[in-house]
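The block underneath contains the structure these notes are about, expressed in structure tokens.
This is a predicted model, so every value here is computed, not measured. Below, each value reflects all heavy atoms present in this structure, side chains not excepted, and no hydrogens, waters or symmetry copies.
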Amino acid sequence: MKDTVAFVPTMGALHAGHIELIRRARELSPEVIVSIFVNPLQFENHADIESYPRDIAGDTAKALAAGATRVWAPTYDEVYPDRIEKISAGRFGEIFEGRARPGHFDGVLTVLNRLFKFVQPDYALFGEKDYQQLFIVKRWVQENKVPVEIVAVPTVRDIDGLALSSRNIRLRPSERESALVIHRALQRKNREEMIAVLATEPSFTVDYAEIIDPESFEGALPGARSQRGIIAGWLNGVRLIDNMVIATRQEG
Ligand code: PAF
């Protein structure tokens, strides 16, 4: 194993999805740095920043147990000491998640630009759960020749298929049951079927349900070899997102 550094940026509230990122990072590098920083620039709503769960001691213990060699929880002033160099996510920051959360992806790139400068990682790991984030980060790195390799890690799911998310703890047991409709819908082969499945769960309000080409993040042409279903919506005020590869005939 070369003397490399793998980086797992987080906002804390570590769950099994983060643990998988750290475990994978440790397979890549002897040094694994985990950052914990609740980045205000990626929240549209001030109340969400305030209510974001914070447990630095607990998260540090979990990260170290999973294989992190260093946990870094910088303050706002450390990350943004003076004028903030804002990074734009461009048009991909304005569709799907970006339409529901204006400025969110600009905030993500702005903080990553700072964190990467401090950590100077060889690898940075991101979960496929936030698929649009992963796409935007990869594209920014590529276009700006940021010297880091972005490593995508498959979504970790509960046994019943629910994608792990720090928001799941806000779901009551009956709501959690309703949330499973997203996973069921993602197993369909086209958008109409996906929407029909989602309609069976009236408590889930769909924001978008699309099948995209993962290379362009635009609508996949029927029969395209590579397709990904992406779904977002609200369940009693809790925003949930998920995505999965759509199995096409060629792959079978
Ligand atoms: O995915 C997240 O937790 C955040 O968007 C990230 C990448 C840590 C940037 O704040």
Side-chain angles (χ1 to χ4, degrees), residues 15-17 20-21 89-102 104-105 108 125-140 142 150-168 170-171 173-252:
H15 53 64
E20 179 59 14
L21 294 177
R91 70 187 172 95
F92 292 107
E94 289 165 8
I95 55 176
F96 300 119
E97 280 311 285
R99 206 178 41 213
R101 310 179 63 189
H104 169 73
F105 290 114
V108 170
L125 291 90
F126 293 85
E128 286 186 343
K129 161 82 171 33
D130 292 308
Y131 203 71
Q132 191 174 354
Q133 168 170 279
L134 174 65
F135 176 89
I136 286 173
V137 171
K138 269 191 190 159
R139 199 167 166 275
W140 167 66
Q142 203 173 22
I150 301 301
V151 178
V153 177
T155 303
V156 178
R157 298 178 182 282
D158 272 334
I159 190 109
D160 53 13
L162 187 69
L164 295 195
S165 159
S166 23
R167 295 192 185 148
N168 293 356
R170 288 160 58 187
L171 300 173
S174 65
E175 291 165 349
R176 196 194 167 286
E177 196 58 34
S178 303
L180 293 175
V181 73
I182 305 174
H183 186 242
R184 282 200 299 279
L186 284 169
Q187 287 166 62
R188 311 313 298 187
K189 299 240 180 293
N190 62 52
R191 183 169 183 268
E192 289 66 38
E193 289 182 17
M194 225 158 71
I195 288 175
V197 172
L198 291 172
T200 63
E201 186 47 73
S203 59
F204 183 68
T205 309
V206 181
D207 179 8
Y208 57 78
E210 294 290 343
I211 294 186
I212 54 140
D213 174 341
E215 296 303 314
S216 64
F217 227 90
E218 275 155 16
L221 296 173
R225 225 169 67 82
S226 179
Q227 304 188 12
R228 196 136 193 139
I230 56 171
I231 293 178
W234 292 269
L235 202 70
N236 197 17
V238 181
R239 186 171 175 84
L240 298 174
I241 61 171
D242 198 0
N243 68 87
M244 261 168 49
V245 168
I246 301 290
T248 54
R249 231 171 280 146
Q250 290 94 324
E251 282 171 303

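Salt-bridge check for Glu128 with Arg228: passed, with a basic side-chain N closer than 4.0 Å to an acidic carboxylate O. Here Arg157 pairs with Asp242 in a salt bridge; the nearest charged N to carboxylate O distance falls below 4.0 Å. Taking a cutoff of 4.0 Å between a charged side-chain nitrogen and a carboxylate oxygen, Glu94 and Arg99 do not qualify as a salt bridge. Comment: Glu20 does not engage Lys129 in a salt bridge, judged by the lack of any side-chain N to carboxylate O separation of less than 4.0 angstrom.
No option in Lys189, His183, Arg184 other than His183 meets the side-chain hydrogen bond (donor to acceptor under 3.5 Å, both in side chains) test with Gln187.
The two residues Met194 and Ala185 come nearest to each other via the heavy atoms CG-O, 3.1 Å. Across Ile246 and Gly229, no two heavy atoms sit closer than the pair CG1-N, 3.4 Å.
Side chain of Gln132 to main chain of Ile95: a donor-acceptor pair is present (N/O by atom type, distance under 3.5 Å, no hydrogens or angles).
In this view, Gln133 satisfies the side chain to side chain donor-acceptor pair (under 3.5 Å) rule with no residue, not counting sequence neighbours. The ring-ring contact (aromatic ring centres under 6.0 Å, His included) test applied to Phe92 returns Phe135, not counting sequence neighbours.
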Just do the side-chain contact (heavy atoms from CB on, under 4.5 Å) check on Leu198 and Ile231 with the steps written out, would you? CA-CA 10 Å; Leu198 291 172; Ile231 293 178; 4.0 Å; yes
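Between Val238 and Arg170 there is a side-chain heavy-atom pair separated by less than 4.5 Å. Within the 4.5 Å cutoff, no side-chain heavy atoms of Phe126 are placed close to those of Val151.
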